[in-house]
Amino acid sequence: MTGWKRVRGTAWLKETSSTVLQQSLRHLDSAFSRFFKGSAKYPRRKSKHRSKDSATYVRTGFRRVEDPNRPGTASATLAKQTAPLDIRWSRALPPGQLPVKLNVTRDRAGRFFLSVLVEEAIVPLPTMFVRGSREPKAVGLDLGLATLVTMDDGRWGKAPAPPPPGEVREAARRPPA
């Protein structure tokens, strides 16, 4: 990549953060890996009509500063950017969690959207035991179409029936309450 940045025809790559370029190469590598495994079709180029502009920043490609007045919200400064982004958060991040990855997308109207990936530690549930013994109790679940859930002991839960089409149309016509 550094070689491409030195060539006159691709010198514009210097203006872009190297973390974004590396991440796009990783995306391309994984697309070709899936193709050669036979689990996906040949990767297609991005099209003006088919995709949004997007850039992925990993931990080293952005800086996040917590807002002390509003816990869970912060400003983010992306690599090769001088001023932080003015972000309107839809929800606060889990307290004490740091973002792992930021994905910045731009739609056709020119609006920017930021999606944040955080690692969250999941606390395991306490072990349950069969009554009167020290044998651990566990249940295996299988989600399906005919039955919503089938448990390993043979019990099953029925999938809810969809509402009749007439009710759906009437509900759509009703003004919101």
Side-chain angles (χ1 to χ4, degrees), residues 1-126 141-145 148-149 160 168 171-172 175-177:
M1 191 171 331
T2 53
W4 291 341
K5 289 182 177 184
R6 291 183 185 140
V7 176
R8 180 174 291 198
T10 55
W12 55 270
L13 290 172
K14 290 180 186 176
E15 299 170 9
T16 308
S17 168
S18 63
T19 58
V20 173
L21 297 173
Q22 290 168 354
Q23 196 63 34
S24 63
L25 287 175
R26 283 188 196 107
H27 289 311
L28 183 64
D29 180 53
S30 66
F32 273 108
S33 296
R34 286 191 304 271
F35 168 70
F36 287 120
K37 284 181 191 173
S39 61
K41 293 182 179 180
Y42 188 82
R44 296 190 304 177
R45 297 180 133 232
K46 279 194 168 186
S47 164
K48 176 179 172 183
H49 305 289
R50 191 171 58 84
S51 61
K52 299 175 187 173
D53 294 335
S54 66
T56 304
Y57 292 85
V58 292
R59 280 188 185 161
T60 58
F62 64 92
R63 187 174 64 247
R64 182 176 179 273
V65 179
E66 188 83 25
D67 185 359
N69 297 331
R70 297 181 318 172
T73 62
S75 63
T77 305
L78 305 176
K80 297 241 177 171
Q81 187 180 30
T82 55
L85 294 173
D86 183 26
I87 301 172
R88 185 176 65 197
W89 295 88
S90 61
R91 69 183 133 217
L93 294 178
Q97 299 297 322
L98 295 175
V100 177
K101 194 183 286 188
L102 295 179
N103 194 8
V104 181
T105 56
R106 182 177 64 186
D107 64 2
R108 291 185 188 165
R111 296 173 297 202
F112 288 90
F113 298 91
L114 185 76
S115 61
V116 181
L117 176 70
V118 294
E119 281 183 8
E120 190 170 2
I122 299 174
V123 179
L125 295 172
L141 300 175
D142 178 37
L143 300 176
L145 297 175
L148 179 64
V149 68
V168 174

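Fair warning: this is a prediction, and the values are worked out from it, not measured in the lab. All residue numbers refer to positions in the sequence shown, counting from 1.
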K.L.:
Provide the closest heavy-atom pair for Gln81 versus Ala76 in the form atom of the first, atom of the second, distance.
P.N.:
OE1-O, 4.5 Å
K.L.:
Partners of Thr10 by side chain to side chain contact (heavy atoms under 4.5 Å, CB included), sequence neighbours excluded?
P.N.:
Trp4, Val7, Trp12, Leu13
K.L.:
Starting from the C-alpha separation in whole Å, work towards a yes-or-no answer on side-chain contact (heavy atoms from CB on, under 4.5 Å) for Trp89 and Val116.
P.N.:
CA-CA 10 Å; Trp89 295 88; Val116 181; 4.0 Å; yes
K.L.:
Quick check for you: to the nearest 0.5 Å, what is the distance between Phe62 atom CZ and Leu85 atom CG?
P.N.:
11.5 Å
K.L.:
Which heavy atom of Thr105 sits nearest a heavy atom of Ser54, and at what distance?
P.N.:
CG2-CB, 3.6 Å
K.L.:
Enter the distance from Leu78:CG to Arg63:CZ here, rounded to the nearest 0.5 Å.
P.N.:
10.0 Å
K.L.:
For the CD atom of Gln23 and the CG atom of Asn103, what is their distance to the nearest 0.5 Å?
P.N.:
9.0 Å
K.L.:
So how far is it from Arg111 CZ to Asp107 CG, rounded to the nearest 0.5 Å?
P.N.:
4.0 Å
K.L.:
Quick one: closest heavy-atom pair of Ser30 and His27, and the distance?
P.N.:
OG-O, 2.9 Å
K.L.:
Set out, in order, the CA-CA distance, both residues' side-chain angles and the distance that settles side-chain contact (heavy atoms from CB on, under 4.5 Å) for Lys5 and Leu21, then state yes or no.
P.N.:
CA-CA 11 Å; Lys5 289 182 177 184; Leu21 297 173; 3.9 Å; yes
K.L.:
Where does the angle between the aromatic ring planes of Phe32 and Phe35 fall among parallel (under 30°), tilted (30 to 60°) and perpendicular (over 60°)?
P.N.:
perpendicular
K.L.:
Got a second to check how far Lys101's NZ is from Thr19's OG1, nearest 0.5 Å?
P.N.:
11.5 Å
K.L.:
For the OG atom of Ser18 and the NZ atom of Lys80, what is their distance to the nearest 0.5 Å?
P.N.:
7.5 Å
K.L.:
Would you indicate whether Arg59, at its atom CZ, is surrounded by more than 12 heavy atoms from other residues, nucleotides or ligands within a distance under 6.0 Å?
P.N.:
yes
K.L.:
Could you tell me which non-hydrogen atom of Val118 sits nearest to which non-hydrogen atom of Pro99, and how far apart they are?
P.N.:
CG1-CA, 3.8 Å
